[in-house]
**Student:** 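Here it is, the structure in full.
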Amino acid sequence: TEQLASLERMAEKSADNIVQAIHRSKQPALARFIYALGIREVGEATAINLANAYMSFDALMQADYETLQQVADVGPVVARHIVTFFQQAHNRDVIEEIRRKGVTIINPEKPAAESLPLQGKTFVITGTLPTLSREEAKAMLITAGAKVSGSVSKKTDYLLAGEKAGSKLNKARSFDIEIINEEKLLQWLSTESIDPRMGRNWQE
């Protein structure tokens, strides 16, 4: 009984920490909630991809190893981390505790294609950006409809380059790929309701 009470206290504390991570919001966006859970190797961009792929938290919880790998940016290792996370009893207890605290997760709406200014464009990110981390830039691009690749090829539309860009910059130039900086990207999206650090799907 004492051990059970201890586990219940741990679940409540973990739930409090997650609620704090979503800024005490009682109605967090699905992508923000997924990211706040702290699943290994699930960053902001991956959380957005998971939210857009499954459209509800319950659907994500029930996802299996094979179907998870069909989501952009989710490979075998990340899929295994996600499945393992939801299989662990303590994590399920934490999620139930969060729900008991009155948190309601807001599922994303599928945006119209015309509202995605970078729909169909493929980007590669290289170097150190002035204000955005690579993960933040990647999340912003995905939210705007772009695909983000890890390597430059002839199918790449744009290279988003920062300081110390390295070999990817040279390769992009050899393929005559347009190279842009962070300022240019933010200008392109300045008329969109996209927070470059959190993305449309992160709004509470």
Side-chain angles (χ1 to χ4, degrees), residues 3-111 122-125 133-151 197-204:
Q3 185 178 11
L4 178 61
S6 177
L7 288 172
E8 288 174 349
R9 285 194 296 271
M10 284 175 61
E12 184 173 356
K13 183 176 181 181
S14 297
D16 286 336
N17 291 340
I18 292 171
V19 172
Q20 289 177 17
I22 54 178
H23 307 301
R24 298 188 180 277
S25 171
K26 292 294 185 180
Q27 294 184 319
L30 177 58
R32 183 187 289 272
F33 184 79
I34 294 168
Y35 178 65
L37 289 174
I39 302 171
R40 287 183 63 186
E41 297 190 45
V42 174
E44 296 172 6
T46 303
I48 291 173
N49 282 332
L50 289 167
N52 289 339
Y54 288 98
M55 303 297 289
S56 80
F57 188 68
D58 288 333
L60 175 61
M61 286 184 67
Q62 297 168 18
D64 60 35
Y65 177 73
E66 286 74 22
T67 57
L68 279 164
Q69 291 181 70
Q70 297 173 19
V71 178
D73 207 32
V74 176
V77 174
V78 176
R80 180 60 61 197
H81 288 325
I82 295 169
V83 170
T84 300
F85 181 90
F86 289 121
Q87 285 177 341
Q88 292 177 346
H90 170 70
N91 293 332
R92 293 198 300 271
D93 290 343
V94 169
I95 291 164
E96 287 305 312
E97 180 66 26
I98 290 169
R99 286 174 164 169
R100 282 197 295 270
K101 290 178 180 294
V103 172
T104 302
I105 305 165
I106 304 301
N107 296 327
E109 296 180 2
K110 283 290 185 185
T122 298
F123 283 74
V124 172
I125 304 171
S133 69
R134 286 198 190 189
E135 185 68 23
E136 289 168 342
K138 187 175 182 179
M140 178 184 66
L141 287 164
I142 290 170
T143 302
K147 176 183 177 182
V148 181
S149 175
S151 59
R197 295 187 183 278
M198 302 309 287
R200 181 187 287 107
N201 290 324
W202 293 76
Q203 294 176 358
E204 294 177 4

**Student:** Roughly how far, to the nearest 0.5 Å, is the CG atom of N91 from the CD1 atom of I39?
**Tutor:** 8.0 Å
**Student:** Once side-chain hydrogen bond (donor to acceptor under 3.5 Å, both in side chains) is applied, what residue pairs with a partner in residues 78-87 remain, sequence neighbours excluded?
**Tutor:** E41-H81
**Student:** Please name the pair of heavy atoms, one in V42 and one in A47, separated by the smallest distance, quoted to 0.1 Å.
**Tutor:** CG1-N, 4.1 Å
**Student:** Please identify each residue that fulfils ring-ring contact (aromatic ring centres under 6.0 Å, His included) with F86, with sequence neighbours left out.
**Tutor:** F57
**Student:** Mind checking the OG1-CD1 spacing from T104 to I106? Nearest 0.5 Å is all I need.
**Tutor:** 6.5 Å
**Student:** Under 3.5 Å, side chain of E44 to main-chain N/O of Y35, donor-acceptor pair present?
**Tutor:** no
**Student:** Determine, stepwise, if the pair T143 / I48 fulfils side-chain contact (heavy atoms from CB on, under 4.5 Å).
**Tutor:** CA-CA 7 Å; T143 302; I48 291 173; 3.4 Å; yes
**Student:** How long is the gap from CG on L37 to CD1 on I98, to the nearest 0.5 Å?
**Tutor:** 6.0 Å
**Student:** Could you check whether D73 and T46, counting side-chain N and O atoms only, form a donor-acceptor pair closer than 3.5 Å?
**Tutor:** yes
**Student:** Take atom CZ in R99; do more than 12 heavy atoms of anything else shown fall under 6.0 Å from it?
**Tutor:** yes
**Student:** Ignoring hydrogens, what is the shortest heavy-atom contact between A45 and K138? Give both atom names and the distance.
**Tutor:** CB-CG, 3.7 Å
**Student:** Supply the atom-to-atom distance M61 CE to R92 CZ, rounded to the nearest 0.5 angstrom.
**Tutor:** 7.5 Å
**Student:** What's the spacing between I105 CD1 and F33 CZ if we round to 0.5 Å?
**Tutor:** 4.0 Å
**Student:** Just how far is it from atom CG of L141 to atom CZ of R134, taken to the nearest 0.5 Å?
**Tutor:** 12.5 Å
**Student:** What are the two closest heavy atoms between V103 and P28, and how far apart are they?
**Tutor:** CG1-CD, 3.5 Å
**Student:** Which heavy atom of A51 sits nearest a heavy atom of P108, and at what distance?
**Tutor:** O-CG, 3.5 Å
**Student:** Between E135 and G43, what is the shortest heavy-atom contact and its length?
**Tutor:** OE2-C, 3.2 Å
**Student:** Using the side-chain contact (heavy atoms from CB on, under 4.5 Å) rule, pick out the option among L30, N49, T67 that qualifies with Y54.
**Tutor:** T67
**Student:** Any donor and acceptor pair, going by atom type alone, linking the side chain of Q62 with main-chain N or O of A59 inside 3.5 Å?
**Tutor:** no
**Student:** In the structure I gave you, are the side-chain heavy atoms of L50 and V71 within less than 4.5 Å of one another anywhere?
**Tutor:** yes
**Student:** Looking at residues at least two apart in the chain, or sitting in another chain, which of them share a side chain to side chain donor-acceptor pair (under 3.5 Å) with R100?
**Tutor:** E97
